[in-house]
A.B. asks: 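Take a look at this one; I'll ask things after.
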Amino acid sequence: MEKLQNFIDGKFTSPKNGGYFDNYEPGTGKVYSLIPDSDSEDVELAVKAAEKAFPIWSSMSLEERSKILVKISEGIEKRMDEFVAAESRDNGKPLHLAAQVDIPRSVSNFHFFATAILHFASESHYMEGTGINYTTRKPIGLVGCISPWNLPLYLFSWKIAPALAAGNCVLAKPSEITPYTAFLLGKIAQEAGLPDGVLNIIHGTGPKAGDAIVRHPKIKAISFTGGTQTGAYISQATAPMFKKLSLELGGKNANIIFADCDFDDMLSTTIRSSFSNQGQICLCGSRIFIERAIYTKFRDAFVAKIIKTKVSFPTDPEAKLGAIVSESHLQKILSYIELAKEEGGTILAGGNRVKLSAPYDEGYYLEPTIIEGLDYACRTNQEEIFGPVVTITPFDSEEEVLMMANSTEYGLAATLWTSDLKRAHRLADKLQTGIVWVNDWLVRDLRTPFGGVKSSGVGREGGWEALRFFTEAKNIFIKY
Ligand code: NAD
């Protein structure tokens, strides 16, 4: 059985305590590799390596740093097929999704920040007759990057790339549920000539390896993407140390559909925004609100398409949905479907586990599920399910739909379908989210601020926001 290894000080190493745990393949439900059960001892080694590397990396010219990061981007691109197959196997997502989204985006993340850093500038503020302020932006030092399982390398690299580009040394922990492509990234970093200790990849559980990163006093900033509860824990643990925090947390996004939308465009995009990656994208629109005039038309067309959707093993080119990431996550989603029934919901499509034939008969498959008849304030409509489950609810007015959309504790993203430009502006302005898409979904320009409000997080990633997060500003005033 293959044993993954940590990547510390430029070398692949076993965890100090010698412990490993199982890595399951969601498509078959079988263990296929072993993950280092790292702890604070491994984190301590990585901190020492990073401290040694920081003066070298942070004083390198921007051009040199940029060239190495471009090589990492190219290194992933050259091994595209290997990364795509590994991501799909480790996560359960359809192979074609990893090929179209996850790995190309990881390539772009490194390339984008490798080149962005060459254009990053700090500010100066001129005070007439008095003097001038200029602001410097220096790397923070050692930073921690902790990521979830739903878009494994995509989100891992979205943090690591700007942290490195800004001149920091990184201690990174991928999700213990999907560690494989992060393991492969270590090899790419070696081949690209990244100096030893600049990027350290530590595998293990949140409470052990993650906690050791979060609590280490020499790690000055934490960029975290994951669940809201974990984010709250990290906030509490780091507050006394005044660490800089970027928290990208859960969501319960509204997809608001007005009768004047382009129906066909809306329907095909809504199928994607509901069920892509088995609904396990923090941006998926899990609460669909439809203007009453087209409620029945939408419901019938949506259900007709979804009951024909193919759920299959990840390497099946016809698979629209692959496997859910783990047995325990599948059980959590099924428990929410039961809750929806108890709350008076009607299952219009799906709702059941799917049994495929061998060798996939123990895989974690679930039908895409559509539920109607629930109150907007019930638990099913308020809590994050993070699976292929959506609710549909009619509305009669802008005020009503805005109230329902803004009723959750979350505020990550919203989608709005209308051809009335004034209405689009009006509602986009009032939606309590960090991101609004009008007449589309998940269009990403890496320069734009990415993140949520309320319990969906603190801070923004992307573009200059990320480079500002990973640098410390100092203002210097000089008198005339
Ligand atoms: P999670 O919070 O369980 O785990 C995320 C990461 O944190 C993992 O690497 C885990 O090992 C680590 N972790 C767990 N406990 C920790 C601790 N005590 N200290 C330090 N690290 C710890 O989340 P998950 O189940 O992996 O991911 C799903 C969640 O992520 C969903 O809520 C989803 O909405 C959210 N998410 C948000 C975004 C966004 O951009 N806002 C993107 C993707 C996923």
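Order of appearance sets the numbers: ligands from 1, and atoms from 1 within every ligand.
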A.B. asks: Is G457 in contact with ligand 1, taking contact as a heavy-atom separation below 4.0 Å?
C.D. replies: no
A.B. asks: For atom 44 (C) of ligand 1, find the nearest protein heavy atom and state the residue, atom name and distance (0.1 Å precision).
C.D. replies: N150 OD1, 3.5 Å
A.B. asks: Going by the side-chain hydrogen bond (donor to acceptor under 3.5 Å, both in side chains) test, name the single residue among W149, Y24, Y32 that passes it with D90.
C.D. replies: Y32
A.B. asks: List every atom of ligand 1 that sits less than 4.0 Å from any heavy atom of F450, numbering the atoms from 1 in the order shown and giving each element.
C.D. replies: 40 (O)
A.B. asks: Just wondering, more than 12 heavy atoms not from K320 lying within 6.0 Å of its NZ?
C.D. replies: no
A.B. asks: Closest non-hydrogen protein atom to atom 27 (O) of ligand 1, residue and atom name please, with distance?
C.D. replies: P148 CB, 3.3 Å
A.B. asks: How far is atom 23 (O) of ligand 1 from its nearest protein heavy atom, and which residue and atom is that?
C.D. replies: G227 N, 3.3 Å
A.B. asks: Can you list the atoms of ligand 1 that are under 4.0 Å from a heavy atom of V214?
C.D. replies: 20 (C)
A.B. asks: Would you say the ring centers of Y365 and F313 fall short of 6.0 Å from each other?
C.D. replies: no
A.B. asks: With sequence neighbours left out, which residue pairs that include part of residues 153-167 fulfil the side chain to side chain donor-acceptor pair (under 3.5 Å) condition?
C.D. replies: R105-Y154, N109-S157, W158-E461, K159-S223, K159-T225, K159-E461
A.B. asks: Using a strict cut-off of less than 4.0 Å between a Lys/Arg side-chain nitrogen and an Asp/Glu carboxylate oxygen, indicate whether E327 and R353 qualify as a salt bridge.
C.D. replies: yes
A.B. asks: To which protein heavy atom is atom 3 (O) of ligand 1 closest, and what is the distance rounded to 0.1 Å?
C.D. replies: T230 OG1, 3.9 Å
A.B. asks: Got a salt bridge between K48 and D9, using NZ or NE/NH1/NH2 to carboxylate O under 4.0 Å?
C.D. replies: no
A.B. asks: Is it the case that the ring center of F395 lies less than 6.0 angstrom away from the ring center of F289?
C.D. replies: no
A.B. asks: So, is the end of the K244 side chain (NZ or CZ) under 6.0 Å from the ring centre of F469 and within 45° of the ring's axis?
C.D. replies: yes
A.B. asks: So if I count the atoms of ligand 1 from 1 in the order they appear, which ones are less than 4.0 Å from some heavy atom of L155?
C.D. replies: 42 (C), 43 (C)
A.B. asks: Report, in ascending order of atom number, the atoms of ligand 1 lying under 4.0 Å from any heavy atom of Y233.
C.D. replies: 18 (N)
A.B. asks: Compute the shortest N/O to N/O distance between S456 and ligand 1 and return yes if it is under 3.5 Å, no if not.
C.D. replies: no
A.B. asks: Looking at I146, which atoms of ligand 1 are within less than 4.0 Å of one of its heavy atoms?
C.D. replies: 6 (C), 7 (O), 9 (O), 12 (C), 21 (N)
A.B. asks: Is K454 salt-bridged to E409, going by a charged N under 4.0 Å from an acidic O?
C.D. replies: no
A.B. asks: So is S175 in contact with ligand 1, going by heavy-atom distances below 4.0 Å?
C.D. replies: yes
A.B. asks: Considering non-hydrogen atoms of the protein only, which is the closest contact for atom 28 (C) of ligand 1, and what is the distance?
C.D. replies: F386 CE2, 3.7 Å
A.B. asks: What protein heavy atom sits nearest atom 8 (C) of ligand 1, and how far away is it?
C.D. replies: S147 O, 3.4 Å
A.B. asks: From the options C145, G226, G434, select the one whose nearest heavy atom is closest to atom 30 (O) of ligand 1.
C.D. replies: G226
A.B. asks: To check your reading of the model: name the closest protein heavy atom to atom 26 (O) of ligand 1, its residue, and the distance in Å.
C.D. replies: W149 CD1, 3.0 Å
A.B. asks: For the 3.5 Å polar cut-off, considering only N or O atoms, please tell me whether L249 and ligand 1 meet it.
C.D. replies: yes
A.B. asks: By the definition side chain to side chain contact (heavy atoms under 4.5 Å, CB included), identify the one residue from V70, I160, I188 that meets it with F110.
C.D. replies: I160
A.B. asks: Considering residues, nucleotides and ligands other than E2, do more than 12 of their heavy atoms fall under 6.0 Å from its CD?
C.D. replies: yes
A.B. asks: If you count the atoms of ligand 1 from 1 in the order shown, which ones are under 4.0 Å from a heavy atom of D211?
C.D. replies: 19 (N), 20 (C)
A.B. asks: Please determine whether a side-chain nitrogen of the Lys or Arg among D102 and K93 lies less than 4.0 Å from a carboxylate oxygen of the Asp or Glu.
C.D. replies: yes
A.B. asks: Between atom OG of S286 and atom CD of E384, what is the distance when rounded to the nearest 0.5 Å?
C.D. replies: 8.0 Å
A.B. asks: Is the shortest N/O to N/O distance between E176 and ligand 1 below 3.5 Å?
C.D. replies: yes
A.B. asks: By number and element, which atoms of ligand 1 are closer than 4.0 Å to a non-hydrogen atom of E384?
C.D. replies: 31 (C), 32 (O), 33 (C), 34 (O)
A.B. asks: Between L412 and ligand 1, which part of the residue brings a heavy atom under 4.0 Å of the ligand: side chain, backbone, both or neither?
C.D. replies: side chain
A.B. asks: Within a distance of under 4.0 Å, is there any protein heavy atom near atom 34 (O) of ligand 1?
C.D. replies: yes
A.B. asks: Taking 4.0 angstrom as the limit and counting only heavy atoms of G210, give me the atoms of ligand 1 inside it, by number and element.
C.D. replies: 19 (N), 20 (C), 21 (N)
A.B. asks: Can E51 and K218 be counted as an ion pair, charged N to O under 4.0 angstrom?
C.D. replies: yes
A.B. asks: Say whether P174 and ligand 1 are in contact under the criterion: heavy-atom distance to a ligand atom below 4.0 Å.
C.D. replies: yes
A.B. asks: Please state which protein non-hydrogen atom is closest to atom 39 (C) of ligand 1 and give its distance, to 0.1 Å?
C.D. replies: C282 SG, 3.3 Å
A.B. asks: So, are D196 and K11 salt-bridged, with charged N and O less than 4.0 Å apart?
C.D. replies: yes
